[in-house]
**Q** 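Here you go, one structure.
The chains referred to below are lettered A, B, ... by the order of the sequence lines, with proteins before strands, and numbering in each begins at 1. All values derive from a computational prediction rather than experimental measurement.
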Amino acid sequence: MKRVVVGLSGGVDSSVAAYVLKEQGYDVVGLFMKNWHDTTGVLHGDCPFDDDYNFAQMVARKLNIPFEMVDLSEQYRKRVVDYMFDEYSRGRTPNPDVLCNREIKFDEFVKAALKLDADFVATGHYCRKDSIDVNGKTVYRLLAGVDPNKDQSYFLCQLNQEQLTKALFPIGDVIKPEVRRIATELGLATAQRKDSQGICFVGKVDLPVFLQQKLQAKVGNIIEIPKDFTKTNNRVNSDMLKDIASEYRYNPLDGKKVGTHQGAHFYTIGQRKGLNIGGTPEPLFVLAIDVDKNIVYVGQGQDHPGLYRSGLFIPKEDIHWIRPDMALQIGKAKDYQIRIRYRQPLQMGKLNRVDEGMYITFDQPQRGIASGQFAAWYLDDELIGSGVIA
RNA sequence: UGACCUAUGGUGUAAUGGCAGCACAGCAGAUUUUGGUUCUGUUAGUCUAGGUUCGAGUCCUGGUAGGUCAA
């Protein structure tokens with residue numbers, strides 16, 4: 001009998017995942033990860049971590065499976081939280097949950113599971129895996145979950161073949177309401193628990209407060225860029241990949257000062273809340289930040305041209321193929337469906353592999369392309385590859 | 001130290017003398033395993049002292065503050 005170690009988080013998804021595995025005849029072990037125990041900046045709720053542990057334990061008892069706990073706090077801090085601080089300090093917008101999966105759940109956690117003699121490791125992600133034969137070699141495919149509303153494949157966009165080999169996603173072909181129904185039917189304590197939100201393991205935080213643990217607050221200017229500012233408008237007609245894919249760079253003379261902020265690195269492109277500037281007919285959105293000069297550039301209205309770009313660039317060292325056998329050769333281009341954030345409907349676009357990296361161009365301009373976030377490319381249901389936006 | 005104009009939530013603006021409204025910001029909730037977006041709800045105002053009127057943000061007089069023109 002094959003042994004599966006399932007990451008029990010104390011939520012309903014991993015609870016049902018454990019149940020499904022058991023039904024499938026696996027020798028199932030529940031393993032709870034303790035990755036964080038600081039509440040700085042955490043909104044409402046004093047200490048959710050103990051709660052999670054207790055719920056996970058209750059579920060394990062109910063399912064009659066062994067239950068273990070592993071503390072990966074040290075690794076999580078080093079490999080996810082430090083990366084977060086570092087990215088924000090450079091004026092970028094990291095995605096800690098993608099890193100959490102690559103570095104913790106499908107690395108450190110797997111190591112812990114192997115110590116428990118695991119053959120496979122399972123999670124409660126809404127995604128699927130299958131395998132095909134390519135030139136006599138088994139290749140694993142990462143597929144979207146069948147629930148279009150909950151598909152979480154995006155968060156796994158940095159996994160590699162080795163990691164997929166050991167992975168099982170028991171609830172990928174079930175829709176969320178069905179998961180809730182199963183949990184309710186089984187009388188699992190987690191059946192009605194609210195879905196988790198915010199940074200995985202840390203929780204819903206007030207980001208500026210959280211970041212101020214490491215990043216200094218410092219007052220700077222907010223500059224409003226007019227809607228008809230030509231530098232942003234000209235871009236739309238450009239043919240040069242490099243031009244289309246690069247960020248808009250402004251300088252203070254391109255607009256006028258409309259207020260002050262507490263630190264440019266606390267903001268991200270597309271952001272509306274937190275500027276504290278009123279009196280405009282339309283809301284202000286962040287168009288760009290300059291952490292060196294400590295300036296936040298804003299523009300008025302959802303349709304401000306500075307909010308949209310038709311392309312992005314990924315440096316070659318940040319290109320990742322879940323399917324290495326499909327890696328695009330230098331000089332080649334190919335159409336893909338792409339998303340640049342969780343739950344975004346897939347967008348039509350083209351990958352252009354050049355010597356220095358990958359340019360992605362979109363058929364429709366995209367709102368709020370943020371450096372540090374991940375672009376993930378799909379062919380229908382299958383996640384093929386991903387990369388960090390420069 | 002002459003004339004004129006203006007004054008309404010935190011900000012920008014509406015209201016034939018008849019229930020002070022809208023937008024933005026803020027706050028709260030919903031949505032969301034990243035940031036962000038979006039949706040819903042909500043706090044908060046007539047510069048000041050008098051007067052006219054059944055009734056004043058609105059009309060009259062003084063004050064205060066800001067602005068424009070004239071020098």
**Q** Running the 4.5 Å side-chain criterion over Ile, Leu, Val, Met, Phe, Trp and Tyr, what cluster does A/Ile175 land in, apart from itself?
**A** A/Val146

**Q** By side-chain hydrogen bond (donor to acceptor under 3.5 Å, both in side chains), which residues pair with A/Gln24, not counting sequence neighbours?
**A**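 By the side-chain hydrogen bond (donor to acceptor under 3.5 Å, both in side chains) rule, A/Gln24 matches no residue at all.
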
**Q** Rounding to an integer number of angstrom, what distance separates B/rA71 and B/rU64 when you compare their C1' atoms?
**A** 25 Å

**Q** Could you measure between the two C1' atoms, the one in B/rA65 and the one in B/rA30, and give it in whole Å?
**A**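 Per the computed distance, 44 Å lies between those C1' atoms.
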
**Q** Sequence neighbours left out, what pairs pass ring-ring contact (aromatic ring centres under 6.0 Å, His included) with at least one residue falling in residues 139-164 of chain A?
**A** A/Phe155-A/Tyr342

**Q** Taking only residues two or more places apart in sequence or in another chain, which ones pass side-chain hydrogen bond (donor to acceptor under 3.5 Å, both in side chains) with A/Gln347?
**A** A/Gln366

**Q** When the P atoms of B/rU38 and B/rA23 are compared, how many Å lie between them, rounded to an integer?
**A**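 It works out to 15 Å between them.
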
**Q** Between A/Gln300 (CD) and B/rA23 (C1'), how many Å, whole number?
**A** 10 Å

**Q** Return the orientation label for the A/Tyr250 and A/Tyr297 ring planes: parallel under 30°, perpendicular over 60°, tilted otherwise.
**A**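 Judged by the thresholds at 30° and 60°, the geometry between A/Tyr250 and A/Tyr297 is tilted.
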
**Q** On RNA chain B, check which nucleotide each of A/Gly274 and A/Lys105 is closest to and give me the residue with the more 5' one.
**A** A/Gly274

**Q** Other than A/Phe55, what residues sit in its cluster of Ile, Leu, Val, Met, Phe, Trp and Tyr side chains whose heavy atoms are under 4.5 Å apart, directly or through others?
**A**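 Reading the cluster by chain and number, A/Phe55 sits alongside A/Met58.
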
**Q** All N/O contacts under 3.5 Å from nucleotides 8-12 of chain B to the protein, with atom names and distances to one decimal?
**A**
from: B/rU11; atom 1: O2; to: A/Gly279; atom 2: N; distance (Å): 2.9
from: B/rG12; atom 1: O4'; to: A/Gly279; atom 2: O; distance (Å): 3.4

**Q** In this structure, which stretches of RNA chain B are paired as stems of three or more consecutive Watson-Crick or G-U pairs, both distances less than 3.5 Å?
**A** B:2-7 with B:64-69, B:10-13 with B:21-24, B:26-30 with B:38-42, B:47-51 with B:59-63

**Q** Taking all non-hydrogen atoms of both residues, which atom of A/Gly349 and which atom of A/Asp363 are closest, and how far apart?
**A** CA-OD1, 4.1 Å

**Q** Distance check needed: B/rA23 P versus A/Leu284 CG, whole Å only.
**A** 16 Å

**Q** Among residues at least two apart in sequence or on other chains, which ones pass side-chain hydrogen bond (donor to acceptor under 3.5 Å, both in side chains) with A/Thr268?
**A** A/Thr93

**Q** Can you tell me, in whole Å, how much space there is between the P of B/rG36 and that of B/rA28?
**A** 14 Å

**Q** In whole angstrom, give me the gap between the C1' atoms of B/rG62 and B/rC19.
**A** 31 Å

**Q** Got a donor-acceptor contact below 3.5 angstrom from the A/Arg309 side chain to the A/Ala245 backbone?
**A** yes

**Q** Please give the distance between the P atoms of B/rA15 and B/rG51 as a whole number of Å.
**A** 28 Å

**Q** Using the test side-chain hydrogen bond (donor to acceptor under 3.5 Å, both in side chains), find all partners of A/Glu108 that sit at least two apart in sequence or belong to another chain.
**A** A/Arg79

**Q** Give a yes/no on whether any side-chain N or O of A/Lys194 is located under 4.0 angstrom from OP1 or OP2 of B/rU31.
**A** yes

**Q** Rounding to the closest angstrom, what is the interatomic distance between B/rA20 and B/rG57 at atom P?
**A** 8 Å

**Q** May I have the distance from A/Glu282 (atom CD) to B/rA23 (atom C1'), rounded to whole angstrom?
**A**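 Nearest whole value for this atom pair: 10 Å.
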
**Q** For B/rC47 versus B/rU8, give the span between their C1' atoms, rounded off to a whole number of Å.
**A** 10 Å

**Q** Taking salt bridge (Lys or Arg N to Asp or Glu O under 4.0 Å) as the definition, give me every residue that meets it alongside A/Arg3, ordered by chain and number, with sequence neighbours left out.
**A**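 Applying salt bridge (Lys or Arg N to Asp or Glu O under 4.0 Å) to A/Arg3 gives A/Asp27.
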
**Q** Which atom pairs link the protein and nucleotides 34-43 of chain B when you take only N or O atoms and keep those under 3.5 Å?
**A**
from: B/rU34; atom 1: OP1; to: A/Gly198; atom 2: N; distance (Å): 2.8
from: B/rU34; atom 1: OP1; to: A/Gly198; atom 2: O; distance (Å): 3.1
from: B/rU34; atom 1: O4'; to: A/Asp97; atom 2: OD2; distance (Å): 3.4
from: B/rU34; atom 1: O2; to: A/Pro94; atom 2: O; distance (Å): 3.4
from: B/rU34; atom 1: O2; to: A/Gln373; atom 2: OE1; distance (Å): 3.3
from: B/rU34; atom 1: O2; to: A/Gln373; atom 2: NE2; distance (Å): 2.8
from: B/rU34; atom 1: N3; to: A/Asn95; atom 2: ND2; distance (Å): 3.3
from: B/rU34; atom 1: N3; to: A/Gln373; atom 2: OE1; distance (Å): 2.7
from: B/rU34; atom 1: O4; to: A/Tyr342; atom 2: N; distance (Å): 3.0
from: B/rG35; atom 1: O2'; to: A/Tyr88; atom 2: OH; distance (Å): 3.3
from: B/rG35; atom 1: O6; to: A/Arg341; atom 2: NE; distance (Å): 2.8
from: B/rG36; atom 1: O2'; to: A/Gly270; atom 2: O; distance (Å): 3.3
from: B/rG36; atom 1: N2; to: A/Arg341; atom 2: NE; distance (Å): 3.4
from: B/rU37; atom 1: OP1; to: A/Arg272; atom 2: N; distance (Å): 2.5
from: B/rU37; atom 1: OP1; to: A/Lys273; atom 2: N; distance (Å): 2.9
from: B/rU37; atom 1: O3'; to: A/Gln302; atom 2: NE2; distance (Å): 3.4
from: B/rU38; atom 1: OP1; to: A/Arg272; atom 2: NH1; distance (Å): 3.4
from: B/rU38; atom 1: OP1; to: A/Gln302; atom 2: NE2; distance (Å): 2.5

**Q** What's in the same ILVMFWY side-chain cluster as A/Ile338, cut-off under 4.5 Å, chained through other members?
**A** A/Leu312, A/Ile314, A/Ile319, A/Trp321, A/Met326, A/Leu328, A/Tyr336, A/Ile340, A/Leu351, A/Met358, A/Ile360, A/Phe362, A/Ile369, A/Trp377, A/Leu379, A/Ile384, A/Ile389

